[in-house]
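To keep things clear, I will list the structure first and then write my remarks on it.
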Amino acid sequence: MNATTVQSVVTYDTIIEFANPDLKLFPGMTAYVTIPVATVENVVKVPNTALRYKPPMTSEEILAIYKQYGIESGETLRTSQVAVANPGSPPGSAPQMPLRAPKADTAVVWKLHPDNTIEPVRVSLGITDHAYTEVTAILKGDLKEGQDVIIRSVVAKGQTLGGIRR
């Protein structure tokens, strides 16, 4: 199949068979389709917002907490984008457009204790539906189904988050 590009939008003509009993789709209409490539049942999952959460602390404070709970600081480094050189081009030429880094297969989530203290937990990640991600293993710490993980912080007006200026 060949791709078609119109106004920087790449499309592929595809034939998909599906039930249309209400006749809501007609030939020639555009449809956005989600094709499941994997499914799991009865797994522990965390909201994707918990995977992106960073507590309102300085980097040094976060690293100290990681060390306290046995999470190595090297495990926490993650590159969000990687630029690659144009293959076959002369050395020193400009890199191509940045590519996304491969999906990280581990992350740190922050568990909330009943006394409002927080604990980092390193988890191994599975599949995602872009709202929740499967936890395939707990690598450091303890996390059980039903325990609270932090997805955001609410800070009183006038305070700044970890020294970040707005």
Side-chain angles (χ1 to χ4, degrees), residues 1-56 59 62 66 71-112 120-141 143-154 161-162 164-166:
M1 293 191 147
N2 293 328
T4 305
T5 305
V6 177
Q7 295 181 349
S8 300
V9 176
V10 180
T11 61
Y12 296 89
D13 288 333
T14 308
I15 298 172
I16 298 176
E17 188 174 320
F18 62 96
N20 188 18
D22 298 332
L23 301 176
K24 290 186 178 184
L25 287 177
F26 297 103
M29 292 180 74
T30 299
Y32 293 97
V33 179
T34 301
I35 301 171
V37 294
T39 59
V40 291
E41 294 180 7
N42 301 319
V43 297
V44 175
K45 62 183 181 178
V46 293
N48 285 355
T49 50
L51 300 174
R52 294 187 296 268
Y53 175 77
K54 299 289 182 256
S59 296
I62 292 172
Y66 282 172
I71 297 175
E72 297 296 322
S73 61
E75 294 175 335
T76 63
L77 299 176
R78 197 183 319 166
T79 306
S80 61
Q81 289 190 333
V82 178
V84 294
N86 190 357
S89 63
S93 64
Q96 287 182 336
M97 70 176 180
L99 300 175
R100 285 184 182 223
K103 182 186 130 203
D105 53 4
T106 65
V108 173
V109 295
W110 293 83
K111 181 170 70 170
L112 183 64
V121 178
R122 176 157 295 284
V123 295
S124 178
L125 303 174
I127 65 172
T128 184
D129 65 0
H130 304 291
Y132 292 90
T133 298
E134 171 193 15
V135 174
T136 57
I138 308 299
L139 303 175
K140 292 282 185 176
L143 185 65
K144 293 186 177 31
E145 185 177 351
Q147 289 183 317
D148 291 331
V149 291
I150 303 172
I151 59 171
R152 68 175 165 261
S153 297
V154 178
L161 293 175
I164 296 175
R165 308 259 186 245
R166 293 187 185 229

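Nearest heavy-atom pair, Ala50 versus Val109, reported as atom, atom and distance to 0.1 Å: O-CG1, 4.0 Å. Residues Gly126 and Thr133 share a closest heavy-atom pair of O-CG2, 3.9 Å. Closest non-hydrogen pair, Val43 versus Glu134, comes out as CG1-OE2, 3.7 Å.
With sequence neighbours excluded, the residues satisfying side-chain contact (heavy atoms from CB on, under 4.5 Å) with Thr11 are Thr4, Val9. Shown here are the side chain to side chain donor-acceptor pair (under 3.5 Å) partners of Ser124, two or more places apart in sequence or in another chain: Thr136. For the salt bridge (charged side-chain N to carboxylate O under 4.0 Å, His left out) test, no residue two or more places apart in sequence or in another chain qualifies with Lys45. By the side chain to side chain donor-acceptor pair (under 3.5 Å) test, Lys144 pairs with Asp142, sequence neighbours left out. When the side chain to side chain donor-acceptor pair (under 3.5 Å) test is applied to Asp148, no partner is found at least two apart in sequence or on another chain.
To the nearest 0.5 Å, atoms NZ (Lys24) and CE (Met29) are separated by 11.0 Å. Of the inter-residue distances, the one linking Leu143 atom CG with Ile138 atom CD1 reads 4.5 Å to the nearest 0.5 angstrom. In this structure, CG on Asp13 lies 9.5 Å from CG on Asn2, to the nearest 0.5 angstrom. To the nearest 0.5 Å, the span separating CG on Leu139 from OG1 on Thr106 amounts to 6.5 Å.
With hydrogens and angles ignored, the 3.5 Å screen pairs no side-chain donor or acceptor of Glu145 with any backbone N or O of Val44.
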Task: Intermediate values then yes/no, side chain to side chain contact (heavy atoms under 4.5 Å, CB included), Leu125 and Leu51 - done: CA-CA 10 Å; Leu125 303 174; Leu51 300 174; 3.9 Å; yes

Open item on the list: Please determine whether side chain to side chain contact (heavy atoms under 4.5 Å, CB included) holds for the pair Tyr66 and Val108, giving the CA-CA distance in whole Å, both sets of side-chain angles, and the decisive distance to 0.1 Å.
Closed with: CA-CA 9 Å; Tyr66 282 172; Val108 173; 3.8 Å; yes

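Between Trp110 and Ile62, some side-chain heavy-atom pair lies under the 4.5 Å cut-off. Put simply, the side chain of Phe18 does not reach to within 4.5 Å of the side chain of Val33, judged on heavy atoms.
Applying side chain to side chain contact (heavy atoms under 4.5 Å, CB included) to Tyr132 and the options Thr128, Asp129, Val135 leaves one that passes, Asp129.
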Enumerate, atom names and distances included, each donor-acceptor pair closer than 3.5 Å involving a side-chain atom of residues 34-41, sequence neighbours excluded.
none

